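Read the structure below first, then the notes.
All of these numbers come straight from a predicted model, not from anything done at the bench. Note on naming: letters A, B, ... go to the chains in the order of the sequence lines (proteins, then strands), and numbering restarts at 1 for each one.
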Amino acid sequence: MKKWRLMTLLFLMALVLAGCGKPYLSTLQPAGEVAGKQLDLLIFSSLIMLFVIIVVVIVYVLVLVRFRRKKVGEDFIPKQVEGSHKLEVIWTVIPIILVLILSVPTILYTFEFGNVKGMEKVDQNGDKEALVVNVRANLYWWEFEYPDLGIVTSQDLVVPTDEKVYFNLISSDVKHSFWIPSIGGKMDTNTENTNTFYLEFDQSKADAAGNLFFGKCAELCGPSHAYMDFKVKAVSRDEFNQWATAMQNSTEEPTPTSDVALRGQELFQENNCFSCHATTANDERPAAARTAPNLADFGNRTKVAGILDHTKEDLKNWIQHPGEYKPGNKMYDENDFTEEELDALAEYLMGLKVQE
Amino acid sequence: MSSIAVKKGFGAILWEYLTTVDHKKIAHLYLMGGGFFFLVGGLEALLIRIQLLKPQNTFLSEQTFNEMFTMHGTTMIFLAAMPLLFAFMNAVVPLQIGARDVAFPFLNSLGFWLFFFGGVFLNLSWIFGSVPDAGWTSYATLSLASPGHGIDFYTLGLQISGFGTLISGINFLVTIINMRAPGMTFMRMPLFTWTTFIASTLILFAFPPLTVGIFFLMFDRLFGANFFDVAMGGNAVIWEHVFWIFGHPEVYILVLPAFGIFSEIIPTFSRKRLFGYSSMVFATVLIGFLGFMVWAHHMFTTGLGNVANAIFAVATMAIAVPTGIKIFNWLLTMWGGSIKISVPMLWSLGFIPTFVMGGVTGVMQGIAPLDYQLHDTYFIVAHFHYVILGGVVFAILAGLHFYWPKMWGTMLSEKIGYFTFVFFFIGFHLTFFIQHFLGLFGMPRRVATYLPGQGLELGNLISSIGAFMMAVGAISLVYNIIITVVKNKKVGNDPWGDGRTIEWAIPSPPPFYNFKQTPLVRGLDTYWIEKTEGKKELTPAEPLSDIHMPNNSFVPVVISFGLFVAAFGAMYNPLNQVGDGKSWALPMLIIGLLITFGSMLFRSIKDDHGYHIHKEDLMDDEGGESK
């Protein structure tokens with residue numbers, strides 16, 4: 001038992017070294033209202049549970065210290081006690097009280113987090129007051145559609161800070177789960193129904209985390225489940241409006257600025273990439289036809305395929321053999337582009353920007 | 001059919017085990033079968049931890065990793081934990097209630113062989129190269145999308161072994177209701193018998209939903225049905241409900257017998273009767289009942305709505321109350337006692353703080369709005385390993401040392417037992433404690449790897465080191481078993497010296513008929529009462545007379561084998577989703593079912609009245625070695 005306690009101590013030291021995780025990923029460093037309240041719940045329930053643990057440990061230690069056979073003698077025959085009504089009532093009633101105490105915030109927060117009435121609110125002009133994002137999960141990428149703004153994008157979710165953002169969640173193939181740990185708890189994307197919830201992104205915390213949060217798929221969805229990441233750019237309302245306007249205005253993709261990029265554009269069309277990948281944000285095809293990530297503003301993305309560094313080299317590797325990075329992806333496993341063709345494609349894709 | 005012990009050859013012993021209907025021999029079979037699968041599942045766990053040792057490790061491919069944890073979970077729950085608990089139930093429950101065998105010895109054997117062939121079928125997937133890969137929960141959208149026959153091995157294998165479990169559960173229910181010795185009222189039953197009784201009730205109600213769910217999934221994949229196919233109007237969330245309506249009670253099916261084992265060990269090594277016996281029984285019943293009321297807490301993020309989430313959250317937290325009652329009753333049993341720290345007692349003492357830890361994180365996850373963060377992360381992985389390893393596996397290891405003499409007539413080495421405990425216990429906490437924090441740091445569960453720079457490296461490294469320590473502990477246990485078997489040093493009726501219940505009053509292992517005369521039960525802790533009155537034996541409830549015994553039978557093996565054959569036929573039938581139907585499949589399905597139903601018919605029409613052991617033979621027999 002002593003060794004065990006020593007080990008616990010070592011754990012705690014290791015934890016101090018590791019801190020509380022990374023500010024862009026950890027639920028222990030909340031950067032939004034929902035995650036903040038969930039951390040409060042975690043701490044509150046942990047304290048109550050700590051009380052329970054302490055009581056158990058005290059009795060446990062006393063028992064082991066006082067009633068070992070070495071201590072009470074080899075021939076000692078203990079009194080065969082049947083029980084004690086008083087004690088049993090005590091350790092039934094106190095846990096019931098603790099559970100009742102815990103039930104109050106449980107019920108309150110369940111209804112608070114589940115309140116999506118704000119989604120439907122409209123101003124005098126009949127425009128939606130709050131931002132609504134339709135999230136569509138796919139093997140292994142995320143699509144973010146802003147229905148009221150007419151924007152479709154993917155992999156990088158752009159949201160304004162310090163206001164409630166509402167989400168409609170659905171999946172187009174198998175079940176996934178939408179989770180931005182430092183912003184708030186997850187919600188599954190089912191195949192048969194749309195789930196709704198809201199999150200709020202805190203400006204000051206976003207600044208501290210470099211305005212970029214990590215999002216994850218939390219439900220096992222196949223071999224590349226671990227790679228189904230997305231990123232969240234949390235920016236001020238003004239910046240968000242600028243971005244949205246730029247996206248709305250880019251009804252045609254930017255003209256390639258070099259011959260290499262122009263060659264890339266040709267390749268993109270020759271190889272039929274555009275039949276799945278749209279390159280402008282105003283993709284009006286139905287969701288079922290949007291079978292691959294929208295590439296509008298690709299040049300400003302933070303990652304390639306959600307996981308690789310946003311460099312031409314990584315992009316070329318991804319285009320040539322995506323199967324190595326995301327086994328089971330729906331594009332293809334291998335391709336046989338020449339080095340020159342890869343350069344051209346990368347140059348072209350990196351040039352897809354709606355704003356500088 | 002003489003009861004005199006004869007040295008038998010290997011072939012004869014093998015045949016004896018293949019045909020036995022004796023609950024003690026079937027306990028041996030469950031122990032060996034479950035133990036084997038436990039080692040397989042443990043090896044899979046070790047491979048998982050090697051893969052997660054460092055970020056972007058390539059030790060296992062992503063697909064193999066998914067297969068590994070799917071098989072780890074499925075094997076540990078269905079093929080290791082449950083059979084090992086059945087081993088103890090079989091070995092102990094009939095003895096504890098003063099019965100000569102279970103109510104249906106033939107069905108008992110059938111239950112084992114169904115489990116065995118189901119388990120073998122499931123694990124053959126490794127050899128066929130397409131392994132289940134959708135997690136032990138096998139959520140319908142993913143399991144329908146899974147290529148290859150992996151999921152079919154899962155559905156068919158679990159279907160077969162699930163029949164076995166259901167049969168065994170019903171058998172124990174009937175046994176405990178009908179076969180108790182005179183004077184053994186319900187409120188005099190030892191706690192292990194009580195928990196077996198409640199767990200069997202849970203099996204009775206929880207396994208049919210699983211059977212139905214797996215049946216649907218099987219038909220979706222093999223025969224073109226569309227129960228879960230959303231495009232065809234099916235509904236995949238229904239699978240989640242059906243699975244967890246089974247899956248949550250399953251947790252209690254495992255943990256209640258575990259509680260029972262601890263409730264036997266703690267009084268024995270404290271020399272004190274169980275504190276608050278009636279409230280322990282009441283708490284067991286209550287946990288069993290509430291266990292059916294909380295399944296949706298596995299689905300808080302599925303989108304069931306606020307009202308459902310709130311109700312299931314409060315119901316979940318309520319289970320903490322009866323569980324807390326149990327913890328304090330165990331502590332107070334030791335209070336004022338005379339505690340001897342033997343190996344079984346050490347596991348029990350390790351269990352209490354570990355299980356409290358698993359219990360409190362369970363309550364935390366019951367808080368639905370908090371669970372939105374914790375669900376499907378490593379926090380959950382930590383929690384259920386604290387409950388299932390810290391509760392069930394610790395109980396199995398405690399029970400293994402405690403009941404080993406009663407099952408085999410020898411004692412496991414105490415010294416190696418301590419060694420096993422130290423490594424396994426420290427390794428366990430090293431592996432899983434840190435995982436709570438990995439989850440809170442944002443690590444989802446079931447990820448084949450993780451990228452560097454997310455603050456997850458150190459925790460995963462510590463966790464993997466712990467897994468190796470547990471492996472050392474497990475290996476020492478295997479070594480312990482081997483040298484104990486080799487030494488073969490026999491022990492007496494009550495090797496622990498402080499046995500309280502009936503099983504310790506008869507030889508170790510008991511003669512094949514258990515009791516020459518059915519004992520008279522004069523109170524709780526029957527044997528303890530007799531001992532305090534200075535007697536060495538139980539008071540008999542009947543004069544010595546002939547004993548009626550069932551004959552051995554090979555039919556259960558044949559029935560189970562038929563289903564095993566039929567499963568291959570079903571898997572390769574021309575309608576299957578994979579599209580590799582074979583022409584021989586349908587005949588094979590029919591032949592397999594014919595074998596099964598034919599042997600059932602054979603069993604039904606053949607008169608088998610068993611045999612009698614005569615009074616004269618009984619008088620000569622000193623017992624000791626079972627036939």
Side-chain angles (χ1 to χ4, degrees), chain A residues 3-4 7 11 14-15 18 21-22 25-28 38 41-42 45 49 52-53 56 59-60 63 67-69 72 76 78 80-81 83 88 91-92 95-96 99 102-103 106-107 109-111 113-114 174-175 177 181 185-188 190-192 195 216 218-221 223-226 327, chain B residues 62-63 66 135 139 141-142 145 230 235-237 271-273 275-276 279 301-303 306 309-310 313-314 317-318 320-321 324-325 328 331 334-340 352 356 360 364 367-370 372-373 376 426 429-430 433-434 437 440-442 444 446-449 454-455 458 462:
Chain A
K3 278 187 184 158
W4 175 56
M7 279 305 178
F11 282 140
L15 284 177
K22 301 289 181 195
L25 181 64
S26 175
T27 64
L28 299 177
Q38 283 164 337
L41 271 175
L42 180 75
S45 56
M49 292 307 147
V52 175
I53 290 174
V56 171
V59 182
Y60 184 83
V63 162
F67 302 109
R68 298 274 294 276
R69 192 160 299 176
V72 297
F76 172 68
Q80 303 294 307
V81 186
E88 286 171 56
W91 63 57
T92 309
I96 288 177
V99 165
L102 275 174
S103 302
T106 300
I107 294 170
Y109 280 128
T110 302
F111 281 90
F113 295 157
V174 302
K175 186 182 172 94
S177 188
K186 64 191 69 64
M187 190 70 149
D188 293 353
N190 295 332
T191 45
E192 54 267 90
N195 280 335
K216 301 257 172 199
E219 182 69 58
L220 176 66
C221 53
S224 288
H225 166 53
Chain B
E62 294 82 356
Q63 175 63 26
N66 288 2
Y139 273 15
T141 53
L142 186 60
V230 177
N235 186 316
V237 174
R271 283 190 181 157
K272 197 162 156 281
R273 69 172 270 170
F275 192 88
S279 68
T301 66
T302 300
N306 302 338
N309 279 3
V314 176
M317 288 189 278
V321 178
I325 293 176
F328 284 107
L331 288 173
M334 293 191 279
W335 189 279
S338 163
I339 301 170
K340 184 181 174 208
I352 291 177
V356 168
V360 298
M364 288 161 74
I367 302 170
L370 175 57
Y372 298 160
Q373 280 288 28
D376 266 340
I426 295 175
H429 284 280
L430 209 53
F433 186 75
I434 196 82
F437 292 90
L440 294 172
F441 292 173
R446 293 169 162 178
V447 286
T449 188
Q454 303 189 2
L458 182 65
I462 293 174

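- In this structure, A:K186 contributes its side chain and A:S177 its backbone to no donor-acceptor pair below 3.5 Å.
- The shortest side-chain heavy-atom distance between A:Y109 and A:Q38 does not fall under the 4.5 Å cut-off.
- Contact annotation: the side chain of A:Y60 approaches that of B:L331 to within less than 4.5 Å [non-hydrogen atoms, C-beta and beyond].
- Note: A:Q80 leads A:E88, A:K22, A:Q80, A:M49 in heavy-atom pairs under 4.5 Å with chain B.
- Both the backbone and the side chain of A:E219 come within less than 4.5 Å of a heavy atom in chain B.
- A parallel orientation is assigned to the rings of B:F328 and A:W91, their planes being inclined by less than 30° (bins at 30° and 60°).
- Listed here is the closest heavy atom pair of B:I339 and A:V63: CD1-CG1, 3.4 Å.
- The backbone N or O of A:N190 sits nowhere less than 3.5 Å from a side-chain atom of A:E192 that would complete a donor-acceptor pair.
- Each of A:V56, A:L220, A:N195 has some count of heavy-atom pairs under 4.5 Å with chain B, and the biggest count is that of A:L220.
- With a 4.5 angstrom heavy-atom cutoff, A:F111 touches chain B via backbone and side-chain atoms both.
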Next item on the list: Show the numbers, then the answer: is there a side-chain contact (heavy atoms from CB on, under 4.5 Å) between A:V174 and A:T191?
Entry: CA-CA 7 Å; A:V174 302; A:T191 45; 5.6 Å; no

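- Counting only N and O atoms by type, the side chains of B:Q373 and A:T27 include no donor and acceptor under 3.5 Å apart.
- Heavy atoms closer than 4.5 Å to chain A are found in both the backbone and the side chain of B:N235.
- Your options are B:A448, B:G337, B:P369, and the one with the most heavy-atom pairs under 4.5 Å with chain A is B:P369.
- Per-residue heavy-atom pair counts under 4.5 Å with chain B were compared for A:P95, A:S224, A:A218, and the maximum is reached by A:A218.
- Both the backbone and the side chain of B:L440 come within contact range of chain A, each with at least one heavy atom under 4.5 Å from a heavy atom of that chain.
- Put simply, of B:G324, B:A313, B:S279, the one with the most heavy-atom pairs under 4.5 Å next to chain A is B:S279.
- With a threshold of 4.5 angstrom between heavy atoms, B:V360 approaches chain A through its backbone and through its side chain.
- For B:V356, the part sitting under 4.5 Å from any heavy atom of chain A is the side chain, from C-beta outward, and nothing else.
- Listed by chain and number, the residues in a side-chain hydrogen bond (donor to acceptor under 3.5 Å, both in side chains) with B:S338 are A:R69 (sequence neighbours excluded).
- Top candidate by heavy-atom pairs under 4.5 Å with chain A, chosen from B:A320, B:A236, B:A368, B:G135, is B:A236.
- Taking the salt bridge (Lys or Arg N to Asp or Glu O under 4.0 Å) definition, one finds that A:K175 meets it with A:D188, B:E240, sequence neighbours left out.
- For the options B:N66, B:V447, B:T301, heavy-atom pairs under 4.5 Å to chain A are most numerous at B:T301.
- When heavy atoms are compared at a cutoff of 4.5 Å, B:A145 approaches chain A solely by way of its side chain, counted from C-beta outward.
- When B:R271, B:K272, B:E62 are compared by the number of non-hydrogen pairs under 4.5 Å with chain A, B:R271 comes out ahead.
- Your options are B:M334, B:M317, B:R446, B:R273, and the one with the most heavy-atom pairs under 4.5 Å with chain A is B:R273.
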